[in-house]
Number of protein chains: 2
Amino acid sequence: MAHEDHKDIVAKIKATMPSADTLFDLADFFKVFGDSTRIRIMCALFEQELSVCCIADIVGMEQSTVSHQLRVLRQENLVKVRREGKQSYYSLEDEHIQKIFEMGLEHILE
Amino acid sequence: MAHEDHKDIVAKIKATMPSADTLFDLADFFKVFGDSTRIRIMCALFEQELSVCCIADIVGMEQSTVSHQLRVLRQENLVKVRREGKQSYYSLEDEHIQKIFEMGLEHILE
DNA sequence: ATAACATATGAATTATTGTTCATATGTTCA
DNA sequence: TGAACATATGAACAATAATTCATATGTTAT
């Protein structure tokens with residue numbers, strides 16, 4: 001394709017790409033994985049559902065910090081909450097998360 | 001496991017988790033996916049290798065911005081460069097990227 | 001060597017995001 | 001109802017990161 005010019009290539013690629021909106025949402029989704037506190041929270045939840053104070057102890061951060069980050073995770077539908085008495089138990093929303101997580105691990109361990 | 005106490009749970013979960021260092025690196029890796037400019041650059045590169053100025057046109061940003069972001073992508077081994085004359089051609093480093101991308105898409109399109 | 005072009009990079013600016021503190025809300029039990 | 005505990009949230013601050021401008025570096029052709 002050596003004779004394709006710049007303009008043709010640009011037009012061709014643009015035509016194949018998802019909409020800017022979709023890609024914006026996708027970036028927002030991955031942004032959630034891009035923080036070590038949130039990654040550690042998700043990782044802890046791979047094992048079992050956990051209360052907020054357990055999570056705070058596991059990741060070694062303030063309860064408030066953890067609550068804020070859990071909200072971020074909730075907003076992207078990555079975790080769900082269940083109230084039981086005074087405690088809120090969080091768990092993972094679906095199994096995409098673990099797969100994405102594992103692929104990331106594969107990449108960095110190469 | 002209703003009789004497990006807080007301390008036991010915390011200890012148990014901590015034992016199963018990858019090291020904090022690994023999770024930190026993992027967050028750094030996903031951070032790269034968490035920006036819409038970089039996501040769009042990667043998406044464009046799914047089709048074929050592209051020069052910097054093509055990429056800039058495709059994503060509608062300054063050449064300088066694109067160069068900076070390509071450096072970020074290079075640092076995380078997500079793209080590679082090939083010089084040909086005056087131009088630098090970028091392409092994706094491996095196929096994990098597209099899989100991770102697709103899983104993210106699946107999640108947000110649910 | 002110089003002009004013209006493509007890319008890379010440093011510095012400054014702006015925008016975004018994470019964390020903490022203080023406090024509000026919600027729940028249980030006496 | 002009030003005390004004790006768990007969680008959530010608003011505001012302020014600190015830390016990071018994205019973008020741009022200006023310019024340096026690298027490449028080709030005359």
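Only this structure's heavy atoms are used, side chains among them; waters, hydrogens and symmetry mates stay out. Just so you know, these numbers come straight off a predicted model, no measurement behind them. Chain A is the first sequence line, chain B the second, and so forth, proteins listed ahead of strands; every chain is numbered from 1.
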Is there a side-chain contact between [X] and the phosphate of [N], meaning an N or O under 4.0 Å from OP1 or OP2?
| X | N | result |
| --- | --- | --- |
| A:Arg38 | C:dG18 | yes |
| B:Tyr90 | C:dA6 | no |
| B:Thr37 | D:dT19 | yes |

Task: Any residue of residues 19-30 of chain B with a heavy atom less than 4.0 Å from an atom of DNA chain C - done: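 By residue number: none to list.
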Task: Reading 5' to 3' through nucleotides 20-30 of chain C, protein heavy-atom contacts under 4.0 Å coded B for base, S for sugar-phosphate only, - for none - done: BBB----BS--
- [ ] Provide the full list of ring-ring contact (aromatic ring centres under 6.0 Å, His included) pairs with a residue in residues 37-81 of chain B, sequence neighbours left out, each pair given once.
- [x]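 Listed by first then second residue: B:Phe46-B:Phe101.
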Atom pair distance, as rounded to whole Å: [atom1] in [X] and [atom2] in [N]:
| X | N | atom1 | atom2 | value |
| --- | --- | --- | --- | --- |
| A:Arg82 | D:dT7 | CZ | P | 12 Å |
| A:Ile55 | D:dT7 | CD1 | P | 9 Å |
| B:Gln75 | D:dT16 | CD | C1' | 15 Å |

[X]: side-chain hydrogen bond (donor to acceptor under 3.5 Å, both in side chains) partners, not counting sequence neighbours:
| X | result |
| --- | --- |
| B:Arg40 | none |
| B:Thr16 | none |
| B:Ser67 | B:Gln63 |

Task: Pairs meeting criterion salt bridge (Lys or Arg N to Asp or Glu O under 4.0 Å) with involvement of residues 47-73 of chain A, two or more places apart - done: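 For residues 47-73 of chain A, and leaving out neighbouring residues, the salt bridge (Lys or Arg N to Asp or Glu O under 4.0 Å) pairs sorted by first residue read A:Glu49-A:Arg82.
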TODO: Mind jotting down which residue pairs meet the salt bridge (Lys or Arg N to Asp or Glu O under 4.0 Å) criterion with at least one end in residues 93-106 of chain A? Sequence neighbours excluded, please.
DONE: none
Using residues 25-36 of chain B as the side-chain source, report each donor-acceptor pair under 3.5 Å to any protein atom, sequence neighbours left out, with the distance given to one decimal.
unit_1  : atom_1 : unit_2  : atom_2 : d
B:Asp28 : OD1    : B:Lys31 : NZ     : 3.3
B:Asp35 : OD2    : B:Thr37 : N      : 3.1
B:Asp35 : OD2    : B:Arg38 : N      : 3.1

TODO: Return the 5'-most residue of the pair A:Gln69, B:Ser51 with respect to DNA chain C, ranking by each residue's nearest nucleotide.
DONE: B:Ser51
Task: Nearest non-hydrogen partners of B:Ile58 and B:Ala44, listed with the distance - done: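 Here B:Ile58 and B:Ala44 meet closest at CG2-CB, 4.2 Å.
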Open item on the list: Classify B:Ser67 by what it touches in the nucleic acid, base, sugar-phosphate, or nothing, heavy-atom distance under 4.0 Å.
Closed with: base
TODO: Look at the side chain of A:Lys80 and the backbone N and O of A:Leu92, then say whether any donor-acceptor pair between them is shorter than 3.5 Å.
DONE: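 Between the backbone of A:Leu92 and the side chain of A:Lys80 there is a qualifying donor-acceptor contact (under 3.5 Å).
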